[in-house]
Amino acid sequence: ILINCQSNCIILLIRDNGIGFDTAKSYNGNGLTNMKKRANEIKADLKIESGEGNGTSIQLTLKL
């Protein structure tokens, strides 16, 4: 987990080396959908990168 403040932005990065998942695939549940919805509500940029067997990286960038 990394929290950084640069160029009038707060950047939250969460990364793991777990099993990952296919970001193009649709999943039952609300986790990713809720994260995207909440990021949109606060006008933040949310990037989710993952691949099966490659872990996951989630970055939230919020302009101040």
Side-chain angles (χ1 to χ4, degrees):
I1 298 173
L2 174 70
I3 300 174
N4 194 5
C5 185
Q6 65 185 39
S7 302
N8 294 325
C9 292
I10 295 175
I11 301 169
L12 170 65
L13 176 64
I14 302 170
R15 183 179 294 153
D16 71 23
N17 60 351
I19 62 170
F21 60 95
D22 183 354
T23 57
K25 191 175 175 183
S26 180
Y27 294 91
N28 291 333
N30 296 315
L32 296 174
T33 302
N34 281 340
M35 289 172 59
K36 292 173 185 176
K37 179 183 172 197
R38 290 173 189 222
N40 189 46
E41 287 175 356
I42 62 171
K43 296 179 175 58
D45 181 45
L46 181 68
K47 293 181 184 173
I48 301 172
E49 296 177 358
S50 189
E52 293 179 3
N54 294 324
T56 301
S57 176
I58 300 172
Q59 180 175 309
L60 180 78
T61 304
L62 176 64
K63 292 181 183 178
L64 300 176

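Counting only distance, with no hydrogens or angles, the side chain of Asp16 and the backbone of Thr56 share a donor-acceptor pair below 3.5 Å.
One finds the CG atom of Asn34 at 9.0 Å from the CD atom of Glu41 (value rounded to the nearest 0.5 Å). Taken to the nearest 0.5 Å, the CD atom of Glu52 stands 9.5 Å off from the OG1 atom of Thr23. Rounding to the nearest 0.5 Å places OG1 of Thr61 at 6.5 Å from NZ of Lys47. Remark: Ser50 OG to Ile19 CD1 distance equals 8.5 Å, nearest 0.5 Å.
Ile1 meets the side chain to side chain contact (heavy atoms under 4.5 Å, CB included) test with Leu12, Ile14; sequence neighbours excluded.
Contact check for Ile58 versus Met35: side-chain heavy atoms found under the 4.5 Å cut-off. You'll find the side chain of Gln59 reaches within 4.5 Å of the side chain of Ile11, heavy atoms only. At a threshold of 4.5 Å between non-hydrogen side-chain atoms, the residues Ile10 and Leu64 count as touching.
Among residues at least two apart or in separate chains, ring-ring contact (aromatic ring centres under 6.0 Å, His included) pairs with a member in residues 2-25 are Phe21-Tyr27.
No path of Ile, Leu, Val, Met, Phe, Trp and Tyr side chains, each step under 4.5 Å between heavy atoms, connects Ile42 with Leu32, placing them in separate hydrophobic clusters.
For Leu13, the CG atom sits in a packed shell: over 12 heavy atoms of surrounding residues, nucleotides or ligands are nearer than 6.0 Å.
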